[in-house]
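Note sheet for the following structure.
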Amino acid sequence: MTELMYDHAMLALSYAKEDYKWHICRYTMEMESSLEEEVYLLAAIEEGLEKGEFTFFAQPQCNIVTGQIVGAEALVRWQKPDGEVFLPGGFIPVLEKNKMIDQLDRYVWEKVCQWLKGWLL
């Protein structure tokens, strides 16, 4: 029982640390279900990276004066095998919060480099 109370207190503390306005935070069942969803999402993201479900799109950057394309920004999307598409706002904050954003960064970097290699040859 003591361990469970400790876990609940630590979970509430993690929520309090996320928002500086919270001076007091009580544990709620929503916190636990949110944590469970996050854990599930992280596992799904890792699996998606392994299966190549993430793709990038090159968004051109143009010089407003000349109209010339001067670069591109890589935008990432996660498309599940069933066709469902997740926008970055649905997975990037979770990766950042859990200090796992570097996995996605490396994945996208490799895809961009492969694309550029094929495009330049």
Side-chain angles (χ1 to χ4, degrees):
M1 181 67 172
T2 305
E3 288 179 22
L4 183 61
M5 290 172 59
Y6 175 80
D7 290 344
H8 290 174
M10 292 306 293
L11 185 55
L13 179 62
S14 72
Y15 272 76
K17 285 182 178 180
E18 287 178 18
D19 190 343
Y20 69 93
K21 295 178 285 192
W22 292 18
H23 298 289
I24 297 173
C25 184
R26 292 183 185 205
Y27 167 81
T28 65
M29 291 299 290
E30 289 79 23
M31 289 177 180
E32 193 162 338
S33 64
S34 176
L35 179 63
E36 289 171 359
E37 289 174 20
E38 192 172 292
V39 168
Y40 172 79
L41 182 59
L42 286 171
I45 290 170
E46 287 184 301
E47 183 178 342
L49 287 170
E50 289 172 11
K51 292 182 175 181
E53 296 174 0
F54 289 82
T55 189
F56 85 95
F57 298 91
Q59 177 173 304
Q61 295 175 329
C62 298
N63 180 318
I64 197 164
V65 175
T66 66
Q68 290 183 310
I69 295 175
V70 295
E73 178 181 13
L75 306 176
V76 66
R77 299 294 182 267
W78 178 17
Q79 184 166 4
K80 304 281 283 173
D82 65 4
E84 184 178 10
V85 176
F86 289 88
L87 298 177
F91 56 88
I92 288 181
V94 173
L95 289 171
E96 290 174 336
K97 178 182 172 190
N98 290 280
K99 298 177 179 28
M100 295 173 60
I101 192 68
D102 60 314
Q103 291 179 20
L104 180 62
D105 287 344
R106 281 194 302 272
Y107 177 91
V108 172
W109 180 251
E110 288 177 20
K111 295 295 181 185
V112 168
C113 289
Q114 289 170 4
W115 176 74
L116 284 173
K117 182 180 176 184
W119 190 59
L120 295 174
L121 294 178

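Below, all heavy atoms of this structure are taken into account, side chains as well, without hydrogens, waters or symmetry copies.
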- If you measure from the Lys or Arg side-chain nitrogens to the Asp or Glu carboxylate oxygens, is any gap between K51 and E47 under 4.0 Å? yes
- Query: Are side-chain heavy atoms of F57 and V76 found at a separation under 4.5 Å?
  - Reply: no
- Query: Are F56 and Y107 near enough that their ring centres are under 6.0 Å apart?
  - Reply: no
- Note on the structure: The reported gap from CG in L104 to CD in E46 (rounded to nearest 0.5 angstrom) is 11.5 Å
- For I69, does the CD1 atom have more than 12 heavy-atom neighbours from other residues, nucleotides or ligands under 6.0 Å away? no
- Item | Close side-chain approach of Q79 to E84, heavy-atom, < 4.5 Å | no
- Message: Please identify which of these residues, N98, L95, V94, meets the side chain to side chain contact (heavy atoms under 4.5 Å, CB included) condition with L41.
- Response: V94
- Q103 versus L49: any side-chain heavy-atom pair under 4.5 Å? yes
- Do other residues, nucleotides or ligands put more than 12 heavy atoms under 6.0 Å from W115 CH2? yes
- State, yes or no, whether a side-chain contact exists between P88 and R77 at a heavy-atom distance under 4.5 Å. yes
- Query: Is there a side-chain contact between F54 and V108, using heavy atoms and a 4.5 Å cut-off?
  - Reply: no
- Partner residues of F86 under the ring pair (Phe, Tyr, Trp, His ring centres under 6.0 Å) criterion, sequence neighbours left out: W78
- Message: Within the 4.5 Å heavy-atom criterion, are M100 and L42 side-chain neighbours or not?
- Response: yes
